[in-house]
Amino acid sequence: MQAYIAAIEPVNVEWTKNICLKIFFAGCNFKCPFCNTPHLLETKEEVLKDLKDVKKEIELNGNFTEAVIFTGGEPCLQRPQLVELAKFCREKKIKVGIETNGSKPEVLRGLLKEALVDFVAIDIKAPFDEALFEKITTSKTFFISTNQIIQDIKESLEILHEYKDKVDIEARTIIVPSLLFRKEDVMKVAEIVNDIDARWVIQRFNNMPELVKKNFEHIHPPSTTFLEDLKEACGKKYPNLRIEIK
Ligand code: SF4
């Protein structure tokens, strides 16, 4: 079997405190204008890899790799490949993490049901307000409406809540001036995260030219004070919410 995999890189992540291997699946069903992996959004033939080669690379890194994290792009779009690699990691007793935009609840449920993941980071990119969600994710197509995508993410969140005692769950939201920055909008996301009882990481938009589209280069990242203010406001309203700023 082959998969569109754009890169495989060892990284340091907080989840394990040790080196992990990140496997970057190419392709995404969202087109967030501030995406910091724009080079991973297309499934080009040149990034097609045989899973046996990917497995070899996992094994080669096995001595210093505590975990593998599947990320993207959106890894859940290549379900059979993702499941096969997660099973392989399980056989090798390597922990498995996944970073997802939450739009494929059936894939998430399958992984959780088979106990194939230890860590799930889910993006909550916007409140569930159709107009704002669409502006932030540019995700609707002829085949799927914004409302359906929102319902799918809600389903993913319910599934994660169901498995919260079995896996480590982190929700992530990027604060992007001009898109998601108003206190009332961020508070709505806080409410969503509070409902699933997950750790919440508020991330700072990064405007590095190689990471974003041209029209976002001139948008400055929010200041630490601005993020701290948001954290404080959300923390006041939802005192049990565990919030981190990155
Ligand atoms: S969901 Fe993630 S990978 Fe996909 S476009 Fe948005 S930021 Fe980029």
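Position 1 is the first residue of the sequence, and the numbers go up from there. Just so you know, ligand 1 is whichever comes first in the structure, and atom 1 is the first atom listed for that ligand. Here the structure is a predicted model, which means the values were calculated and not measured.
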**Study point:** Atoms of ligand 1, numbered as shown, that sit under 4.0 Å from any heavy atom of K125
**Key:** 1 (S), 2 (Fe), 6 (Fe), 7 (S)
Point to revise | Partner of N29 under side chain to side chain donor-acceptor pair (under 3.5 Å), chosen from N101, T137, T141 | key: N101
Review point. Does a salt bridge link E84 with K55, judged by any charged N lying under 4.0 Å from a carboxylate O?
Key: yes
Point to revise | Residue pair T37 / G72: nearest heavy atoms and the distance that separates them | key: OG1-O, 3.8 Å
Point to revise | Short N-O contact, K95 and D118, less than 4.0 angstrom | key: no
Practice item. Could you tell me whether D229 and K183 have a side-chain N and a carboxylate O separated by less than 4.0 Å? Key: no
**Study point:** Salt bridge R172-E99, side-chain N to carboxylate O under 4.0 Å
**Key:** yes
Study note, to complete from the structure: Near atom 4 (Fe) of ligand 1, meaning under 2.8 Å, the protein N/O/S atoms are C28 SG
